[in-house]
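Notes to accompany the following structure.
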There are 2 protein chains.
Amino acid sequence: MTQTIMIVEDEEKLASLLADYLRQSGFETVWIADGNSVVPRVRERQPDLVLLDLMLPGRDGLDICKEIRSFSQLPIIMITARIEEIDRLLGLELGADDYVCKPFSPREVVARVKTVLRRAGDHAAPVTGGLTLDPDRYLAQLKGRDLELTAVEFKLLHFLYQTPGRIYSRSQLMDRIYPDQRIVSDRTIDSHIKKLRKKIAAVDPDRELIYSIYGAGYKYEPS
Amino acid sequence: MTQTIMIVEDEEKLASLLADYLRQSGFETVWIADGNSVVPRVRERQPDLVLLDLMLPGRDGLDICKEIRSFSQLPIIMITARIEEIDRLLGLELGADDYVCKPFSPREVVARVKTVLRRAGDHAAPVTGGLTLDPDRYLAQLKGRDLELTAVEFKLLHFLYQTPGRIYSRSQLMDRIYPDQRIVSDRTIDSHIKKLRKKIAAVDPDRELIYSIYGAGYKYEPS
DNA sequence: AGTATTCGCCGCAGCTGTGCTACAAAAAAA
DNA sequence: TTTTTTTGTAGCACAGCTGCGGCGAATACT
């Protein structure tokens, strides 16, 4: 099964150079020049990795990265023109998997792509065949099938989903889900987790996505 | 194997001056100007030492030092503008390994770097090849292998780990682990220490990490 | 208005981890 | 040495945490 790399880059020469090298290494490539069409095309094409230029016509790369992260954990490598920029990006914690600085050698980029894919590859199936969330529509899909979540359930899952592996206590989750500081019992979280797990199990009984850590809280892990 | 020094300093001229001298002494250097990106870059790059300016845009140096200490024992040298400041810093017990006062000569800084590295180098293997803790994930790894700790065990180990060599009495440890001031017997600590040692021994039987001091308490020491 | 979801909580069951006890071993004090 | 104090360890009872079904109340929909 060949893997698809989506190249988001407005300079055509640069894009085609990258595409050539990637194809030589056995990847399929998709080229997108306009920032506005990235997100819909990612949803539609479901690439295995995105090479994302920071400076784009139409829309900022940071925005795009954030939006992709809000519904998918697919690997993203950011391309930036200035080396100092990378520090700033790291500080923002966008969730990109790696950063490459212009000017770069195509070989280097291919190497990084392979590294990131291998790293992600350990849980590759769950990433691609896994869960996607669309906060705009409160739409959650697992293996292509809708999960039909309520608002609270969606918020809870979405929050956990954004930082996989990280454990949150019940009170932390309450704070995030109820910005109005209303007082509810810890166990309410458990209730919603219960319903989430039920709905997830209805679609895929074999995969556990939400784990409870005794005495600590819950985490999302697509392992 | 060349060693990497991470320079955290917002004045570019000063940073590049330091970088030049350090490179001449055979070190690799990484420069970071923005305080917010320090921690993620430390995690990513894993430098051998951090030169950390106290006054930074974005985030306070004290904060950064504390956060780095929460997951790693890598050597840190603090740079401060005022000599009086140093006393205050010493009082805070941040866990920095040395302090340098502006204005400094680059030679002096290089000398200090070497001293600290040599001192740390005595137990260099335990530092790098040793234990890493990730509080967000309750994840403890020794020699790359997971330790599978429970919440209480993790908290206990994490607290000891933050100030290696320092001895804590059982009641001090209780206070830290149970913020709700619940009353438990001293010997409970012993129980958890026992389990920690067991789990550590399962991964590395040769290395003692938690020491008991007769009549005083326990300490963590990566020697 | 009525109806249908959804939310938050309760109670019970099952189980893990916790904290304690008892005794052995070690260290310090006598 | 003997005595006293402190620590190591095994084992165990149960407190506390989590999963789950269900139920009234709140909310949204018609």
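Worth knowing before you read on, the calculation uses all heavy atoms, side chains too, and leaves out hydrogens, waters and symmetry mates.
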Which part of the nucleic acid does [X] contact within heavy-atom distance under 4.0 Å: base, sugar-phosphate only, or nothing?
{"X": "A:Tyr211", "value": "nothing"}
{"X": "B:Ile177", "value": "nothing"}
{"X": "B:Leu149", "value": "nothing"}

[X] [atom1] to [N] [atom2], straight-line distance once rounded to whole Å:
{"X": "A:Phe154", "N": "C:dC7", "atom1": "CZ", "atom2": "P", "result": "13 Å"}
{"X": "B:Asp186", "N": "C:dT18", "atom1": "CG", "atom2": "P", "result": "18 Å"}
{"X": "B:Met174", "N": "C:dG19", "atom1": "CE", "atom2": "P", "result": "7 Å"}
{"X": "B:Ile183", "N": "C:dC20", "atom1": "CD1", "atom2": "C1'", "result": "15 Å"}
{"X": "A:Asp190", "N": "C:dC9", "atom1": "CG", "atom2": "P", "result": "11 Å"}
{"X": "B:Glu148", "N": "C:dT16", "atom1": "CD", "atom2": "C1'", "result": "14 Å"}

Counting C-beta onward and ignoring hydrogens, is there a side-chain heavy-atom pair between [X] and [Y] closer than 4.5 Å?
{"X": "B:Gln3", "Y": "B:Leu49", "result": "no"}
{"X": "A:Ile193", "Y": "A:Ile189", "result": "yes"}
{"X": "B:Asp134", "Y": "B:Phe71", "result": "no"}

Is the distance from OP1 or OP2 of C:dT18 to the nearest side-chain N or O of B:Tyr178 less than 4.0 Å?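 Result: no.
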Side-chain ([X]) to main-chain ([Y]) donor-acceptor, under 3.5 angstrom:
{"X": "B:Gln46", "Y": "B:Arg41", "answer": "no"}
{"X": "B:Tyr211", "Y": "B:Gly165", "answer": "no"}
{"X": "B:Tyr178", "Y": "B:Val184", "answer": "no"}
{"X": "B:Trp31", "Y": "B:Met6", "answer": "no"}
{"X": "B:His158", "Y": "B:Pro135", "answer": "no"}
{"X": "B:Ser169", "Y": "B:Gln172", "answer": "yes"}

Does B:Tyr168 have B:Arg176 sitting over its ring (NZ/CZ under 6.0 Å from centre, angle to axis within 45°)?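 No; the conditions do not both hold, so B:Arg176 does not lie above the ring face of B:Tyr168.
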Could you tell me which residues satisfy ring pair (Phe, Tyr, Trp, His ring centres under 6.0 Å) with B:His192, sequence neighbours excluded, listed by chain and number?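 Ring pair (Phe, Tyr, Trp, His ring centres under 6.0 Å) check on B:His192 returns nothing, list empty.
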With sequence neighbours excluded, residues passing side-chain hydrogen bond (donor to acceptor under 3.5 Å, both in side chains) with B:Asp136: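 For B:Asp136 there are no side-chain hydrogen bond (donor to acceptor under 3.5 Å, both in side chains) partners, ignoring immediate neighbours.
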Interface residues of residues 155-171 of chain A with DNA chain C (non-hydrogen, below 4.0 angstrom): none
Considering only heavy atoms, which members of residues 193-202 of chain A lie under 4.0 Å from some atom of DNA chain C?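 Of all residues in residues 193-202 of chain A, the ones placing a heavy atom under 4.0 Å from DNA chain C are A:Lys195.
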With a 4.0 angstrom cut-off to heavy atoms of chain A, pull out the first and last contacting nucleotide of DNA chain D, in 5'-to-3' order.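 Using the under 4.0 Å cut-off, the span is D:dG16 to D:dG22.
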Residues, nucleotides or ligands: over 12 heavy atoms within 6.0 Å of B:Lys219 NZ: yes
Base contacts versus sugar-phosphate-only contacts with protein, heavy atoms under 4.0 Å: please encode nucleotides 21-30 of chain C as B, S and - from 5' to 3'. ------BS--
Let me see the working for B:Tyr218 and B:Arg170 under side chain to side chain donor-acceptor pair (under 3.5 Å), right down to the final yes or no. CA-CA 8 Å; B:Tyr218 292 99; B:Arg170 286 169 177 72; 3.2 Å; yes
